[in-house]
Amino acid sequence: MTDFNKAARNWDSNNIHVQRSEAIVKLMLDRLPFRTEMKALEFGAGTGILSFMLAERLGSITMMDSASEMVAVMQEKVDATGDRNLKPVLFDLTVQPYHLEKFDLIFSQMALHHVADIQALFYRFHELMNNDGYLAIADLYTEDGSFHGEGFDGHKGFDVAELEAQLKNAGFHSIQTETCFSMQKGANSYPIFLMISRN
């Protein structure tokens, strides 16, 4: 399993991370009504690649991650760019609820398959969202376990129908899912979906 604290310093140098984020952003911009007064949360933000790409489209983005080194890298990038509408936050939403603010948009990429209790997280997303807010999740379709390899204790991607059912249980609706990118690792290709829903 990836040690995200150790991986943080070199994360942005992997071009596939940038290409993946660019593809996700492109589809998000096509499918979501971005407004500059919207407050957003990126869950499992890593080094904030996705949030930095969306910074000019939104009023503020809280970039939340549970790995302290990822948050440190985000803060350094904010300090370097002067993007003051981006707020790095060290917090584990899978452990406790977050009560400091609510959001018009919550998004994540490649974070969900690391979360043990998906249903509980979806309930927390719903609690964090303002009326008529949007949720956008990018992650792996069901795969054979080769993406992470042996020793990984998370989800081997997702059956999107099962994920949609969990979203509906948490109170989300108007769910749309489509493929947005494909990651190549060795001889294998791993398609990634973007799932968008309303609260």
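For the pair R198 and Y134, the cation-pi test (distance below 6.0 Å, angle within 45°) is passed. A cation-pi arrangement is absent between K156 and F147, since the terminal nitrogen or guanidinium carbon is not both under 6.0 Å from the aromatic centre and inside a 45° cone about the axis.
Taking all atoms of both residues into account, the shortest heavy-atom contact from A67 to L90 is C-CD1, 3.9 Å.
With contacts defined as side-chain heavy-atom distances shorter than 4.5 Å, the pair I61/L41 does not qualify. Under the 4.5 Å side-chain criterion, counting only non-hydrogen atoms from C-beta, I192 is not in contact with S182. Counting heavy atoms from C-beta outward, L194 and M28 have side chains that approach closer than 4.5 Å. Side-chain contact check for I196 versus L27: every heavy-atom pair is 4.5 Å or farther apart.
Between the side chains of T62 and E101, a donor-acceptor pair is found at a separation under 3.5 Å.
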Q. Are F122 and I137 close enough, and set up right, to give a side chain to side chain contact (heavy atoms under 4.5 Å, CB included), and what steps lead you there?
A. CA-CA 11 Å; F122 284 169; I137 297 168; 3.6 Å; yes
Q.
For a side chain to side chain contact (heavy atoms under 4.5 Å, CB included) check, start with the C-alpha distance between L140 and M110, then their side-chain angles and the critical distance, and finish with the verdict.
A. CA-CA 7 Å; L140 294 160; M110 300 297 284; 3.7 Å; yes
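For the atom pair CG (D65) and CE (M74), the distance works out to 5.0 Å, reported to the nearest 0.5 Å.
The pair E42-K87 does not meet the salt-bridge criterion, since no charged nitrogen lies less than 4.0 angstrom from a carboxylate oxygen.
A distance of 6.0 Å or more separates the ring centres of F158 and Y141.
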